[in-house]
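Just so we're on the same page: letters track the sequence lines, and every chain starts at 1.
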Number of protein chains: 2
Amino acid sequence: MLTGQRRTLILDILRRDGQVIAKRIADDFGLSEDTIRRDLREMAAERLLTRVHGGALPLAPELPDFSARRGVSPDVKRQLGAFAAKMVQPRRTVFLDGGTTTAEIARHLPRSFAFTVVTHSPTIAAELEHHPTAEVILIGGKLYKHSMVATGAAAMAAISLVRPDIFFLGVTAIHPVHGLSTGDFEEAAIKRHIAQCSAETYVMATQEKLDAASPCHILPIRAVSGMVVPSDITEASLAPYRSAEVPIFAVGD
Amino acid sequence: MLTGQRRTLILDILRRDGQVIAKRIADDFGLSEDTIRRDLREMAAERLLTRVHGGALPLAPELPDFSARRGVSPDVKRQLGAFAAKMVQPRRTVFLDGGTTTAEIARHLPRSFAFTVVTHSPTIAAELEHHPTAEVILIGGKLYKHSMVATGAAAMAAISLVRPDIFFLGVTAIHPVHGLSTGDFEEAAIKRHIAQCSAETYVMATQEKLDAASPCHILPIRAVSGMVVPSDITEASLAPYRSAEVPIFAVGD
DNA sequence: CATATTCGTGCAAATTCCTGCATGATGCAG
DNA sequence: CTGCATCATGCAGGAATTTGCACGAATATG
């Protein structure tokens with residue numbers, strides 16, 4: 001990757017996220033932190049950003065915006081997203097479900113090699129507008145606005161035509177007995193279908209998902225190859241998956 | 001290979017990839033890196049590109065990129081969008097092209113009655129997330145990131161399955177002689193196909209589109225049922241459409 | 001205050017760049 | 001046809017840049 005291009009991308013990320021974390025960028029680009037630090041140092045000298053311990057921020061005027069946004073997006077989701085994004089290998093095809101957690105995966109996808117992203121969420125697709133190396137396949141269909149994903153026969157048919165290596169599945173609730181579930185019948189059908197078409201399916205779950213009231217439309221355990229959960233998730237919720245010997249990745253402090 | 005021809009190719013690659021790597025180009029052309037470096041050096045002197053260690057990048061204000069086009073003439077676009085949005089009737093199906101002008105249509109769509117929106121742009125679809133009454137059909141396909149629309153055989157096939165009443169078409173340039181055109185072959189094919197499937201096609205154009213340098217891939221006049229343009233648009237550019245008796249709506253102050 | 005990151009500097013290896021020069025092709029005048 | 005000038009190209013060698021690593025200093029966090 002060219003140095004100039006890398007710095008342009010850093011500025012893109014800075015504009016988009018309101019912050020840049022040296023370590024994360026280094027991972028994304030597949031370079032050492034030293035290189036990124038040197039970039040940040042020199043870009044700070046050119047008044048393109050302000051240097052801070054751990055990374056960089058936009059120039060002074062945008063600072064309040066940053067602090068406001070900071071509280072909104074939970075760190076847990078970001079950590080889960082970063083973890084899952086590291087599972088993506090060169091030339092693979094990854095299917096990203098809709099939702100805020102999978103959106104974090106999209107933001108952390110590696111930028112140092114090429115791969116393909118398939119998604120039925122226009123929101124996820126929009127996130128990837130500035131990704132330098134990802135090829136994006138958009139699955140169309142009737143838009144289910146509640147969760148902003150394409151559904152219906154057209155979506156089912158389009159999904160049948162891809163064979164993703166990894167599917168990152170977002171769920172609405174995990175019930176100690178019934179397991180994974182989502183609130184809409186149509187949505188559940190789509191998720192099941194994607195899982196069937198994919199070689200591996202990894203569930204992304206955050207703690208609040210466990211507190212969701214009623215499980216509705218069940219997703220079968222057999223479809224799951226692994227789960228990415230915050231480290232403080234309740235044991236009871238995961239019981240069915242432990243017994244099924246599903247790998248569980250506990251991420252976070 | 002002729003030197004001039006080689007340099008033209010280098011510029012093509014630069015436009016396509018957003019970067020040029022000296023080593024790779026040298027391999028592709030079967031020439032030494034020195035030759036390529038000399039090319040890059042001299043093309044940089046002619047202000048055709050910016051030289052960086054390892055290759056070259058486009059000039060500082062990157063070629064008309066989707067994100068860069070944002071906010072070019074916001075007020076005019078908003079007026080055009082509001083005008084076009086008023087053309088939407090209850091229970092009709094409207095196809096929204098990708099682009100900033102059509103995004104303004106999406107923002108102004110009526111909220112008092114139900115209708116259907118079809119689009120192959122995830123950005124447009126995301127705009128409609130909170131619209132209370134619009135049903136959104138998302139056309140999928142390979143995402144062409146430059147303008148953020150789905151393209152390819154899958155998109156063509158999906159478009160064939162809808163029959164929009166109105167298609168709001170965005171164009172890259174209007175040439176006084178050649179007429180409507182867009183910069184990408186694939187994109188032009190998609191636009192033509194949408195127009196063929198739609199009962200009516202209305203062109204959305206802003207003044208800066210007329211100043212665009214070279215028309216590339218032509219869209220036929222017969223596909224156009226009307227044009228929505230700012231009131232200060234140059235007469236010359238619209239001449240072909242006046243002679244074809246195409247209704248022209250001049251919007252603005 | 002203790003611990004864990006993060007930072008900065010120096011250094012070495014690899015890559016890329018530039019300069020100067022030789023070679024070969026082309027064009028032109030005699 | 002010959003001789004000469006011009007130009008594109010490749011190559012050699014030294015300069016400059018980039019990058020990663022190591023180690024001690026600085027900083028954040030509890």
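Below 30°, between 30° and 60°, or above 60°: for Phe83(A) and Phe249(A) the angle between ring planes is between 30° and 60°, a tilted geometry.
Comparing Glu33(A) and His53(A), the nucleotide of DNA chain D nearest to each residue sits closer to the 5' end for Glu33(A). With DNA chain D read from its 5' end, the first of the two nearest nucleotides for Arg7(A) and Arg38(B) is the one closest to Arg38(B).
Summarising the geometry, the separation between CD1 on Ile36(A) and P on dT5(C) is reported as 20 Å, rounded to the nearest angstrom. The distance from atom CG of Leu31(A) to atom P of dT15(C) is 15 Å, rounded to the nearest whole Å. Rounding to whole angstrom units, CZ of residue Arg51(B) and P of dT16(C) are separated by 11 Å.
Contact annotation: side chain of Asp34(B) to base of dC11(D), donor-acceptor pair present below 3.5 Å.
You'll find that the side chain of Arg37(B) is closest to dC18(C), out of dT6(C), dC18(C), dC11(D). Between dC7(C), dG20(C), dT18(D), one nucleotide has an atom nearer to the side chain of Thr3(A) than all others, and that is dT18(D).
Residue Arg41(B) has a polar side-chain atom (N or O) positioned under 4.0 Å from OP1 or OP2 of dC18(C).
The pair Glu127(A)-Arg107(A) meets the salt-bridge criterion, since a charged nitrogen lies less than 4.0 angstrom from a carboxylate oxygen.
Backbone-only engagement by Gly55(A) is indicated by non-hydrogen atom pairs under 4.0 Å involving sugar-phosphate atoms exclusively.
Here the closest heavy-atom approach between residue Arg51(B) and residue Ala44(B) is recorded as CB-CB, 4.2 Å.
Proximity of the aromatic rings of His120(A) and Tyr144(A) is defined here by a centroid distance below 6.0 angstrom, and this criterion is not met.
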